[in-house]
Amino acid sequence: MADHESVLDDAPSEFLAGIANSAGQCDGQAVVPDGDHYLCWCSCGEWRIQAPSQSEGLRLARLHTGSPTD
């Protein structure tokens, strides 16, 4: 097993604390259901939108961070 740290190894509270202390960086994005749409935002504080579906919210989050969308 590799000896490195991963946010996937963090407890949820550790992960959220890390995002809260990200100082304007795009360290975490959320896509959360809210009625008939999804609320989407980023830890950078500069991106907050509504999406019609979870898959569209995830696609837009990838665009926001410059990650591949396909």
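There is a path of hydrophobic side-chain contacts, each under 4.5 Å, that joins Y38 to L58.
Under the rule for a side-chain hydrogen bond (donor to acceptor under 3.5 Å, both in side chains), the partners of E56 that lie at least two apart in sequence or sit in another chain are R59. Looking at residues two or more places apart in sequence or on another chain, you find a side-chain hydrogen bond (donor to acceptor under 3.5 Å, both in side chains) between D34 and H37.
The two residues L39 and Q50 make their nearest non-hydrogen contact at CD2-CG, 3.7 Å. Of all heavy-atom pairs spanning Q29 and C42, the tightest one is NE2-SG, 3.4 Å. The nearest pair of heavy atoms linking C40 to G57 is SG-CA, 3.7 Å.
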Margin query: Run the side chain to side chain contact (heavy atoms under 4.5 Å, CB included) test on V32 and W41 for me, step by step, so that the C-alpha distance in whole Å, both residues' side-chain angles and the decisive distance to 0.1 Å come before the verdict.
Written below: CA-CA 9 Å; V32 179; W41 66 88; 3.6 Å; yes
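Contacts classified as ring pair (Phe, Tyr, Trp, His ring centres under 6.0 Å) and involving residues 42-62 (residues at least two apart or in different chains) are given here: W47-H64.
The backbone N or O of A61 sits less than 3.5 Å from a side-chain atom of T65, completing a donor-acceptor pair.
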